[in-house]
2 protein chains.
Amino acid sequence: MAHTLKSVAEAAGVSAAAVSYAFNRPDRISAHARAHILDVAQRLGYAGPDPAARSLKTRRAGSIGVVVPVGMSYVFRDHYFAELLTGVAEIAERRGAGMTLVPFDLDAAERARTHDEDGLRDTLDAIRHALVDGVIVDGLAGDHPAVRVLIDRGLPVVGSTADPAFSSSVAIDDVAGARAIGAHLAALGHRDVVVVLATPGPSGVARDVTDEDALLPYSSHRLAGFREGLGPGARVRVVTGGFNDTGSGRAAAALALSDDPSFADPTALLADSDALAGGIVDELRTRGIVPGRDLSVTGFDDGALATDLDLTTVRQPVRDRGRLMARMLLEPDVDERHVLLPTELVVRGSTGHARATGGR
Amino acid sequence: MAHTLKSVAEAAGVSAAAVSYAFNRPDRISAHARAHILDVAQRLGYAGPDPAARSLKTRRAGSIGVVVPVGMSYVFRDHYFAELLTGVAEIAERRGAGMTLVPFDLDAAERARTHDEDGLRDTLDAIRHALVDGVIVDGLAGDHPAVRVLIDRGLPVVGSTADPAFSSSVAIDDVAGARAIGAHLAALGHRDVVVVLATPGPSGVARDVTDEDALLPYSSHRLAGFREGLGPGARVRVVTGGFNDTGSGRAAAALALSDDPSFADPTALLADSDALAGGIVDELRTRGIVPGRDLSVTGFDDGALATDLDLTTVRQPVRDRGRLMARMLLEPDVDERHVLLPTELVVRGSTGHARATGGR
DNA sequence: GTCGCCGTGTTAATCGAATAACACGGAGGG
DNA sequence: CCCTCCGTGTTATTCGATTAACACGGCGAC
């Protein structure tokens with residue numbers, strides 16, 4: 001049943017090398033012999049050399065890995081990751097390479113990190129075993145254990161920050177983008193805002209933030225940028241919103257506008273993403289609050305949603321990022337090793353002058 | 001630099017087997033020896049046994065493959081595939097398995113199919129080389145060359161139709177769903193309709209359909225269902241809409257409502273997906289045509305868009321399908337081999353009684 | 001005191017292929 | 001007519017691990 005190079009070679013009356021050449025190097029064998037071998041192979045139901053053995057010998061896997069800190073099933077729902085991976089896929093498919101999503105549970109890894117050495121090992125098993133030629137890592141610092149494993153494996157690793165631990169990186173200047181949002185709002189007189197950040201994982205719905213270290217790298221960057229742009233006098237409170245989607249945004253808005261005294265009367269709600277901002281807008285509307293007039297709302301991404309909702313946001317070239325990350329792995333002619341992509345403030349109707357009293 | 005099991009074993013003063021056990025079978029070695037070996041390994045920068053070699057020996061890859069007939073970069077944009085893969089990913093991540101998108105260009109394969117034998121071989125290379133333990137194939141018939149290669153490789157293949165060539169399958173009864181749509185419209189008096197189908201690939205924008213064989217399997221199923229439900233007296237014309245998104249829907253609607261005599265005055269527009277229907281609704285609105293009153297529009301999927309647009313559509317359990325497909329590969333306790341999932345007609349406001357004169 | 005078993009380390013066979021180096025026959029040049 | 005080179009098939013080495021089978025020392029049971 002299970003044929004091998006050798007058994008096919010016997011059946012065809014040639015050496016194993018000839019069969020290998022027939023499948024992999026047409027130029028290295030006569031057309032006549034090749035046709036015969038391929039014919040015998042087909043008759044026997046031999047589809048070609050075993051990929052695992054081939055991969056061991058050639059040291060190539062034909063696929064690039066992707067590691068994200070949010071769970072594999074999440075990337076298809078999140079606009080940011082979907083866009084990033086679209087860019088990666090565009091390059092991969094034109095090079096004939098596959099894309100392997102490597103399971104990695106950031107929460108489990110964090111929990112196990114100090115506690116339980118073997119637990120941490122387990123969460124990294126898939127990363128240790130992944131059959132890939134290089135890896136794209138988005139949202140993990142260069143000194144993260146998962147990254148260390150990949151580097152020890154000798155794989156080229158493209159990161160999302162300029163950390164020299166990565167073989168190369170494509171960062172996006174989201175600090176600058178967030179700063180622009182902050183400055184824009186400051187200029188409109190806002191001095192009391194709530195920032196809404198997504199924290200995927202089991203952390204659940206909106207809540208007040210205690211530990212800012214637990215944020216995803218880009219969230220903390222943006223938070224810092226917001227603060228810089230708003231200036232020292234501003235009051236910035238933070239809510240985390242669970243998944244990066246409209247539902248979380250709605251919940252976060254509800255919390256920010258609740259009676260909870262720690263959130264009393266902000267004049268602006270700054271979201272980590274358009275999706276969250278979309279939820280915020282929904283919640284405001286159900287309360288009869290008009291975004292841009294009664295209360296300002298900002299997003300991040302400039303996706304289709306931002307246009308639809310007339311959202312002030314930051315445009316970031318996410319698909320370009322994915323493309324470039326993939327090219328750094330698959331097209332060695334890319335010579336820059338660490339690239340910083342720019343962002344752009346897009347002002348629309350969801351922001352306006354601060355009012356003495358916000359929503360309610 | 002590049003350490004191996006053996007070199008680490010020498011450095012630690014033990015046998016290669018001991019190192020292997022230290023990494024893979026803690027119970028098979030003393031805790032003391034294990035700690036020492038792991039320590040030496042870490043010091044040497046050895047991340048663990050080489051995945052390729054390990055995969056050759058164990059005959060496991062730790063990842064399941066996914067083959068779709070639409071190009072890898074498309075799956076992140078299309079609601080159907082995103083939903084399907086979300087389901088797959090949910091199961092994969094709970095089993096610690098990866099997900100490998102295998103590049104496959106249906107158009108190139110079709111073009112090469114008869115013409116050029118070596119060309120066809122090339123388009124199947126990635127499928128021949130993919131390092132996976134099983135494959136989920138959506139939208140390809142059981143006798144397609146790509147499927148044949150996978151089966152010859154001895155891989156378990158889960159298909160999207162009940163074809164016995166597949167080791168197992170999860171079909172969705174979209175014929176019945178489409179039939180329900182057709183019957184619903186027939187009951188409302190519609191006898192002259194245009195069906196809008198997505199045909200991803202370079203085929204481009206909307207055009208009239210000449211060759212119904214070139215449709216994706218599910219599209220032709222649905223088309224057949226529409227026809228059945230509408231009954232023999234109805235006039236059914238077909239337009240293909242390129243990508244499965246709102247832009248294509250808009251273009252298709254524009255064509256269907258144009259002066260082109262072959263499309264004159266339909267009373268209903270039946271789309272292959274909610275996304276297409278969304279575009280159709282957009283186009284109608286810009287022309288001042290009210291869906292459900294002047295002209296009926298139907299979708300397919302029952303995603304968020306359908307609710308938003310108050311679209312009559314068919315609910316299909318796509319994520320369940322993905323989950324079940326993955327479980328058939330990853331969880332051998334699933335005993336049914338060929339499953340047919342039901343669909344459900346969801347009537348909303350976008351359909352109504354046929355009028356003598358449709359749009360314009 | 002002896003037998004056997006258990007825990008733990010080692011030996012050796014094996015997974016299935018790629019490819020450098022070699023062999024050999026015939027064509028072409030001198 | 002001989003030498004060389006080219007095209008094409010073969011031989012043999014190598015990729016880096018897993019794991020069944022074996023070996024051996026110490027311990028408890030009788």
Side-chain angles (χ1 to χ4, degrees), chain A residues 1-38 40-41 44-62 125 128-133 152-155, chain B residues 1-38 40-41 44-62 125 128-133 152-155:
Chain A
M1 184 69 199
H3 278 282
T4 67
L5 254 199
K6 209 200 294 188
S7 72
V8 172
E10 278 169 20
V14 295
S15 70
V19 180
S20 174
Y21 289 142
F23 275 96
N24 303 318
R25 315 253 309 252
D27 54 313
R28 191 60 185 71
I29 194 174
S30 69
H32 178 260
R34 175 158 187 261
H36 173 230
I37 291 171
L38 256 28
V40 171
L44 294 176
Y46 177 76
D50 181 273
R54 151 184 258 268
S55 175
L56 169 60
K57 189 64 191 171
T58 62
R59 315 269 60 201
R60 260 173 286 117
D125 266 355
R128 204 173 282 115
H129 299 329
L131 293 157
V132 295
D133 295 322
D152 278 351
R153 280 186 53 183
L155 292 171
Chain B
M1 186 70 199
H3 278 280
T4 69
L5 207 52
K6 210 201 294 186
S7 72
V8 171
E10 278 170 20
V14 295
S15 70
V19 179
S20 175
Y21 289 142
F23 275 96
N24 303 317
R25 315 251 311 249
D27 54 313
R28 190 59 185 71
I29 194 173
S30 70
H32 178 259
R34 176 158 187 262
H36 172 232
I37 291 170
L38 257 28
V40 170
L44 295 176
Y46 178 76
D50 181 274
R54 153 184 256 267
S55 176
L56 169 60
K57 188 64 193 175
T58 62
R59 315 267 64 199
R60 261 173 284 118
D125 266 355
R128 204 173 282 114
H129 300 329
L131 293 157
V132 295
D133 295 323
D152 278 351
R153 280 186 53 183
L155 292 172

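Here is the naming used below: chain letters follow the sequence lines, and residue numbers restart at 1 for every chain.
Between A:A11 and A:V40, the closest heavy-atom pair is CB-CG1, 4.0 Å. Pairing each heavy atom of A:R60 with each of A:S55, the nearest pair is O-OG, 2.9 Å. A pairwise comparison of heavy atoms in B:P51 and A:H129 identifies CB-O, 3.3 Å as the closest pair.
Counting non-hydrogen atoms under 4.0 angstrom, A:S30 reaches the backbone sugars and phosphates but no base. Note on A:R28: a base of the nucleic acid sits closer than 4.0 angstrom, heavy atoms only. A:R25 comes within 4.0 angstrom of sugar-phosphate atoms only, judged by non-hydrogen atoms across all strands, and of no base. Looking at heavy-atom distances under 4.0 Å, B:A33 makes contact with sugar-phosphate atoms alone, never a base. At a threshold of 4.0 angstrom between heavy atoms, the contacts of A:T58 are confined to the sugar-phosphate backbone, with no base atom among them. At the heavy-atom level, B:L5 lies under 4.0 Å from base atoms of the strands shown. In this structure, B:I29 reaches the sugar-phosphate backbone alone: every heavy-atom distance under 4.0 Å involves primed, P, OP1 or OP2 atoms, never a base. Here B:F23 lies out of heavy-atom contact (under 4.0 Å) with every strand.
Side-chain atoms of B:V19 and B:V14, non-hydrogen and from C-beta on, do get closer than 4.5 Å to each other. Under the 4.5 Å side-chain criterion, counting only non-hydrogen atoms from C-beta, B:L5 is in contact with B:Y46.
When distances run from any side-chain atom of B:A17 to the nucleotides C:dT11, C:dT19, D:dA20, the shortest one goes to C:dT11. Set against D:dT18, C:dA18, C:dT10, the side chain of A:K57 has C:dA18 as its closest nucleotide.
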message = Could you go through A:F23 and A:L38, starting from their C-alpha distance and side-chain angles, then the distance that decides it, and tell me whether this counts as side-chain contact (heavy atoms from CB on, under 4.5 Å)?
response = CA-CA 8 Å; A:F23 275 96; A:L38 256 28; 4.0 Å; yes
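Distance B:L44 CG to D:dG16 P: 16 Å, rounded to the nearest Å. In this entry the distance linking CG of B:L56 with C1' of D:dC15 reads 9 Å, nearest Å. Atom CD1 of A:I37 is separated from atom C1' of D:dT8 by 11 Å (rounded to the nearest Å). The CG-P distance, from B:L131 to C:dA17, rounds to 13 Å in whole Å. As rounded to whole Å, 12 Å separates atom C1' of D:dA17 from atom NE2 of A:H129. Between the CD atom of B:E10 and the P atom of D:dG16 there is a distance of 14 Å, given to the nearest Å. Atom CG of A:D50 is separated from atom P of C:dA18 by 9 Å (rounded to the nearest Å). As rounded to whole Å, 16 Å separates atom P of C:dC6 from atom CG of B:D27.
For the pair B:Y46 and D:dG16, the criterion of a side-chain N or O lying under 4.0 Å from OP1 or OP2 is not met. OP1 or OP2 of C:dA18 lies within a sub-4.0 Å distance of a side-chain N or O belonging to A:R54. Not one side-chain nitrogen or oxygen of A:T4 sits closer than 4.0 Å to the OP1 or OP2 atom of C:dG16.
Projected onto DNA chain D by closest heavy-atom contact, A:G13 and A:R59 fall at different nucleotides, the more 5' of which corresponds to A:G13. Between B:S15 and A:N24, the residue anchored closer to the 5' end of DNA chain C is B:S15, taking for each the nucleotide with the nearest heavy atom.
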